[in-house]
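To start, the structure under review is shown below, and the notes come after it.
Proteins come first, then strands; the chains are lettered A, B, ... in the order of their sequence lines, and each starts at number 1.
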Protein chains: 2
Amino acid sequence: MSSNVTLKQIAEALGISAMTVSRVINNKKNVDEKTRKKVLEKAKSMGYTPNYLAKSLVSNKSFTIGVVVPEISHSFFPEVIRGIEEVAYQENYQLILTHSAEDAEREKAAIETLRSKRVDGIMISCSQFTSDLSYFEELRSSGLPVVFFDRCMDEAGFSCVGVDDKAAAKKITQHLIDHGYKKIAHLKGAQGLSIGRRRLEGFIEAMSENQLEIADEWIVESGLQEKGGFEAMMKLLDLPEDKRPRAVFAINDPAAFGAIEAIRERGLVIPDDIAIVGFSDDIRAELLPVPLTTVHQPAYEVGKKAAETLLSIINGENESVENIEVLTQMKIRSSCGVH
Amino acid sequence: MSSNVTLKQIAEALGISAMTVSRVINNKKNVDEKTRKKVLEKAKSMGYTPNYLAKSLVSNKSFTIGVVVPEISHSFFPEVIRGIEEVAYQENYQLILTHSAEDAEREKAAIETLRSKRVDGIMISCSQFTSDLSYFEELRSSGLPVVFFDRCMDEAGFSCVGVDDKAAAKKITQHLIDHGYKKIAHLKGAQGLSIGRRRLEGFIEAMSENQLEIADEWIVESGLQEKGGFEAMMKLLDLPEDKRPRAVFAINDPAAFGAIEAIRERGLVIPDDIAIVGFSDDIRAELLPVPLTTVHQPAYEVGKKAAETLLSIINGENESVENIEVLTQMKIRSSCGVH
DNA sequence: GACCAGAATGTTAACGTTAACATCATTAAT
DNA sequence: ATTAATGATGTTAACGTTAACATTCTGGTC
């Protein structure tokens, strides 16, 4: 119940001024050794804890950064957060973690709250349904440092830290092509999102460079979760025999998992009947009965890089709006066919 | 670059007092409709965002709660955090997430920082090496609401939200016994931690109730990670043939994964040569070549319950120190032998 | 038109801290 | 002893907000 001890209380207890106590607590010089000792003892015995709220109010600096993620459950975001936390910790920043649950409104509200709490900067990974650009323009005009990570709004004018989505998508599509597949489908993500757009672009580029046809019905929106993957795959499986793709590139692993479930339900075999590849290298990918060929995203690195980028903006060392890509790595397993 | 607009600036721009603006922003009554409208418009056009730091300083209430976790990577903690976040969100609290990385000193530092940032309460899951009780006693005397979750310090005098560790450990050990195993080993966790102690207790209780011998060398400390599990299992496998256990109960799934690796390296077969069970139902458990029998921990529920408990203390609705157990569920798969 | 209730608005001080400046004490140099 | 320089400490105001109290305005009543 000792409530909260203040500098002034310590000062009074010792018959000195609050300023002197402040100097001791902050290790400033020009304080007599005896006084310093006395103050430190008293502070300890009274259980003093400095009030950063007051400090922040004066200094206009909170040493807090806000993080907005669309989901927490899957392995990717926790790893990113670990990366962010590591960098923040090194620089004495704390993280306010908020979760939009893939809801654009909740995301907006989260950002507003973070601003009110006077975070020194915000890191955002957008929900699947984020589309209101004007809001981000307003945010930008506030001058608050912001970086996007993984799921970016390209036109918002903030730096974005992600992976080489397009290149990787192209490469893994090419891998399927190299296996001899010609009829290849893509389970795509929302096109408002950088990852949705870029992975589709990579897919298309690989296909056209190989003069392969992309039937309209082979590009199906699945979203980023299992359920969507399942439903999208079902649509593909419902196509007439000769229109059905022989291989599928899913926007990410969860969507691939859903698709795999659909394929299994139809009694088809991977990769013999249909080959499939994913993206993200979910922790489960290699443990599947037919291990999933996918693209490994160095999530921890993305988190670190994004945090470093934000901190450099906060510290005024960096003004430019950049697009930073951490390099991925293909994980060739068995779901794509023999190799 | 609009920096941060204040109430006073809005007031000046309109030629009225800051107080009136404050009243409008906070939806207090006794404000003329015209004034209200004028103020809201101006606030919008100037890009006003309330400063919660200042608010918190006055009200001594930050609507922020601190969370300290020992790790972020594995599936358990992200789920717990999701549960915490959900409850916090409903009640308009934000989360400051800190990560001790299984380091007792870093944990202490994190708690101090959270106190400085004047969080309204703290939720802690201890590192494996936390042992300094006196620190927690000091913390308790500060009067700040605290609850432990999952990994608790029983003697610290704070409420603890976890699972029915002892009962579940006993049950899963009994399951091995029911399979006819008599020589059963336990890979244990740090005994400073509630989960380490309770799971060991459950194991011992099941064994003694069945009049089974527990050889000293069958209880090996593995810690909570794969590496420790691997090394501990190696020790067991190095025992002379007749002393070697036929079944193993690992403190948690990661430790079990490490142990499985050790067993595999020795060319032994699960469950034929050695049966193994874990605890926590890691996302990978059911995907292993021999799916792991384990105890499912409702992590999301633990997070929710812990957050609810903390908030009830913060709101002064609850004074008592409780030990809350969320019920687990056994997941019988194949690693424990036929069933 | 005097008076009053209630609504609308304003003023002051406080939350805990520290930058900037002011004062007082001590020591060293002349 | 006088002065200057430096070290130790104190005072004031400010950060943005709001509770508590103070003042002014409005319309209605007699």
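Minimum atom distance to the side chain of A:Lys28 is reached by C:dA19, of the listed C:dT9, C:dA19, C:dT18. Of the candidates C:dT11, D:dT18, D:dG16, the closest approach to any side-chain atom of A:Leu57 belongs to D:dG16. For B:Thr20, whose side chain is taken as the heavy atoms from C-beta onward, the closest listed nucleotide among C:dT9, C:dG16, C:dT17 is C:dT9. Nearest to the side-chain atoms of A:Val58 among the listed nucleotides D:dT18, D:dA19, D:dC15 stands D:dC15. Proximity note for A:Asn51 (side chain, C-beta onward) versus D:dT17, C:dG16, C:dT9: the nearest is C:dG16. Considering only side-chain atoms of B:Met19, the nucleotide from C:dG10, C:dG16, D:dA8 that sits closest is C:dG10. Distances from the side chain of B:Tyr48 to the nucleotides C:dA8, C:dT18, D:dT17 place D:dT17 closest.
Judged as a disulfide (SG to SG under 2.5 Å), the pairs with a partner in residues 61-158 of chain B (not counting sequence neighbours) are, in order, B:Cys152-B:Cys160.
For A:Ile16 and D:dT11, the CD1 to P distance is 12 Å, given to the nearest whole Å. Taking atom CG on A:Asn60 and atom C1' on D:dT17, their separation rounds to 15 Å, with Å as the unit. The separation between B:Leu7 atom CG and C:dT9 atom C1' is 15 Å, rounded to whole Å. In this structure, B:Leu53 atom CG and C:dA14 atom P are separated by 22 Å, rounded to whole Å. Rounded to a whole Å, the NZ atom of B:Lys8 is 20 Å from the P atom of C:dT9. Between A:Leu14 atom CG and D:dA8 atom C1' the separation is 15 Å, expressed in whole Å. What separates NZ of A:Lys29 from P of C:dA19 is a distance of 14 Å, to the nearest Å.
In this structure a side-chain-to-backbone donor-acceptor pair under 3.5 Å is present from B:Asn51 to B:Leu53.
There is no side-chain donor-acceptor pair under 3.5 Å between A:Ser312 and A:Thr309. Side chains of B:Arg151 and B:Ser194: a donor-acceptor N/O pair is absent below 3.5 angstrom, by distance only. Between the side chains of B:Ser127 and B:Thr130, at least one donor N or O sits under 3.5 Å from an acceptor N or O. Looking at B:Arg82 and A:Ser73, their side chains do bring a donor and an acceptor atom within 3.5 Å of each other.
Applying the 6.0 Å contact sphere to CD of A:Glu317 captures more than 12 heavy atoms from other residues, nucleotides or ligands. Residue B:Lys61 places its NZ atom among more than 12 non-hydrogen atoms of other residues, nucleotides or ligands, all under 6.0 Å distant.
The phosphate of D:dA8 has OP1 or OP2 within less than 4.0 Å of a side-chain N or O from A:Asn30. At least one side-chain nitrogen or oxygen of B:Lys55 sits closer than 4.0 Å to the OP1 or OP2 atom of D:dT18. At least one side-chain nitrogen or oxygen of A:Ser22 sits closer than 4.0 Å to the OP1 or OP2 atom of C:dT18. Taking only side-chain nitrogens and oxygens, A:Thr6 never comes nearer than 4.0 Å to OP1 or OP2 of C:dG16. For B:Asn26 and D:dT18, the shortest distance from a side-chain N or O to OP1 or OP2 is below 4.0 Å.
Side-chain atoms of B:Phe158 and B:Phe136, non-hydrogen and from C-beta on, do get closer than 4.5 Å to each other.
Contacts between residues 32-39 of chain A and DNA chain D, defined by a heavy-atom separation under 4.0 Å, are made by A:Asp32, A:Thr35.
For B:Arg23 against C:dG10, a side-chain-to-base donor-acceptor contact under 3.5 Å is present.
If one axis is set at each end of the helix from C:dG1-D:dC30 to C:dT30-D:dA1 from five pairs, those axes are 60° apart, to 10°.
Using a 30° and 60° split on the angle between ring planes, A:Phe77 and A:Phe149 fall in the perpendicular class, above 60°.
Mapped onto DNA chain C by nearest heavy atom, B:Ser17 and B:Ser59 fall at different nucleotides, with B:Ser17 at the one closer to the 5' end.
Residue B:Val302 comes nearest to B:Gly162 through the heavy atom pair CG2-O, 4.3 Å, listed as atom of the first residue, atom of the second, then distance.
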